[in-house]
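Notes for the one structure printed next.
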Protein chains: 2
Amino acid sequence: MTKRNLTAPRKLVYDIVLQADDHPTAADIIDRLKARGQSVAYATVYNSLRYLTEEGLIHELKLEGKTSRYDGRGEDHAHIVCVSCGKVDEVMTPPPAEWLSKVAEESGYLLTEEQFIFKGECPACRISKQKN
Amino acid sequence: MTKRNLTAPRKLVYDIVLQADDHPTAADIIDRLKARGQSVAYATVYNSLRYLTEEGLIHELKLEGKTSRYDGRGEDHAHIVCVSCGKVDEVMTPPPAEWLSKVAEESGYLLTEEQFIFKGECPACRISKQKN
DNA sequence: ATATAAATTTAAACTAAATCTAAATTTAAA
DNA sequence: TTTAAATTTAGATTTAGTTTAAATTTATAT
């Protein structure tokens, strides 16, 4: 039968995402693998990212631009993007459970995942804008 | 000087998005314009969608796949995507204001926009899965 | 009204991200 | 150990969206 597995190349990709303190794109991951002297084919990186996302080991983020970013942080959490400098921060305050259950009830869906993206101006950009 | 404007082609694109009861992609919009016999260049549709999004007249949704979808509904609202059939529904129960202000406080950001995407299994898919 | 300068539209070329293909390799488990 | 399925690979291909440069339209100052 054979089972889908966390194979060696997938593990290499997973490690890069886990160790990143940003939200790397596929291209970023390829660069970082190369910098470590680890050889993983282009298509395999994409395959691995899809696998890891489907397994729930990492999360795919669709923020600005057309390229997906990836997040290896364990706890589910929201993100906040600065519309001015593009910085992405984690949001650790979780959404009220009561809202989630209300949404589940309203929609009739069995909820499996949430992706919350806030946009706004980060503290640094707010300050630098005041100066101008 | 000249001002950015809701020009004729932009209005045509806007009308398509406003009248859609789904969440059309750029390609969908081009098809619907063509079906109406309205000629708008490919690049102009993209230009128009960017313009309309920046003006806040419509909203860009990044759901499954690599193509953006657009939503012309006036009130800001969350979306819920069925992971099984791909259907996209509107979520009308708004997030508690208290959560939003807590996020603003935590992050120090000046919030301008929120994009909330729920994923799960829609009622129809839940039922059809029970049968199997 | 008219001239002028800036913005917008257009068609076509181009770019970049991601997927597909088919052959080679690895892996699981019979 | 064999066999079938899964995975990897390199390269070709697809696709969404952007860029380019010329033509057109538009806003507004005269």
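Sequence lines set the chain letters: A, B, ... in the order given, protein chains first and strands last, and positions in each chain run from 1. Just so it is clear, the values below take in all heavy atoms, side chains as well, and ignore hydrogens, waters and symmetry mates.
Of the side-chain N and O atoms in A:Asn5, one or more sit less than 4.0 angstrom from OP1 or OP2 of C:dA28. Put simply, B:Arg50 has no side-chain N or O that comes within less than 4.0 Å of OP1 or OP2 on D:dG17. Side-chain nitrogen and oxygen atoms of B:Thr7 include none within less than 4.0 Å of the OP1 or OP2 phosphate oxygen of D:dT26. Between C:dT8 and B:Asn47, no contact under 4.0 Å exists linking OP1 or OP2 to a side-chain N or O. Taking 4.0 angstrom as the limit, A:Tyr46 places none of its side-chain polar atoms (N or O) nearer than this to OP1 or OP2 of C:dT19.
If you measure from atom CD of A:Glu54 to atom P of D:dT7, you get 11 Å, rounded to the nearest angstrom. Separating the CG atom of A:Leu6 from the P atom of C:dT26 is a distance of 18 Å, rounded to the nearest angstrom. Here D:dT9 presents its C1' atom at 15 Å from CG of A:Leu12, a figure rounded to the nearest Å. If you take CD of A:Glu64 and P of D:dT18, they are 12 Å apart, rounded to a whole angstrom. Atom C1' of nucleotide D:dT26 and atom NZ of B:Lys11 are separated by 18 Å, given to the nearest angstrom. Rounded to a whole Å, the CG atom of A:Leu49 is 14 Å from the C1' atom of C:dT19. Atom P of nucleotide D:dA16 and atom CG of B:Asp31 are separated by 11 Å, given to the nearest angstrom. To the nearest angstrom, P of C:dT9 lies 14 Å from CD of B:Gln38.
Along DNA chain C, the nucleotide nearest to B:Val40 and the one nearest to A:Thr25 differ in position, and the one closer to the 5' end is contacted by B:Val40. Where B:Lys66 and B:Arg10 each meet DNA chain C at their nearest nucleotide, the meeting point lying more 5' is that of B:Arg10. Mapped onto DNA chain D by nearest heavy atom, B:Glu60 and B:Ala8 fall at different nucleotides, with B:Glu60 at the one closer to the 5' end.
For D:dG17, its base sits under 3.5 Å from the side chain of B:Tyr42 at one donor and acceptor pair at least.
Taking the six-membered ring where tryptophan is involved, the planes of A:Tyr46 and A:Tyr42 are perpendicular, since the angle between them exceeds 60° and thus also 30°.
Donor-acceptor pairing under 3.5 Å is recorded for the side chains of A:Thr93 and B:Glu106. Between the side chains of B:His23 and B:Glu90, at least one donor N or O sits under 3.5 Å from an acceptor N or O. One side chain, A:Arg10 or A:Asn47, offers a donor N or O that lies under 3.5 Å from an acceptor on the other.
Considering all non-hydrogen atoms of both residues, A:Leu6 and A:Lys11 come closest at CD2-CD, 3.9 Å.
Both distances falling under 3.5 Å, in either a Watson-Crick or a G-U wobble arrangement, place D:dA4 opposite C:dT27.
Contact annotation for B:Thr44: base contact, defined as any heavy-atom pair under 4.0 Å involving a base atom. Backbone-only engagement by B:Ser68 is indicated by non-hydrogen atom pairs under 4.0 Å involving sugar-phosphate atoms exclusively.
Partners of B:Arg36 by side chain to side chain donor-acceptor pair (under 3.5 Å), not counting sequence neighbours, listed by chain and number: B:Gln19.
Proximity note for B:Thr67 (side chain, C-beta onward) versus D:dT9, D:dA16, C:dT9: the nearest is D:dA16.
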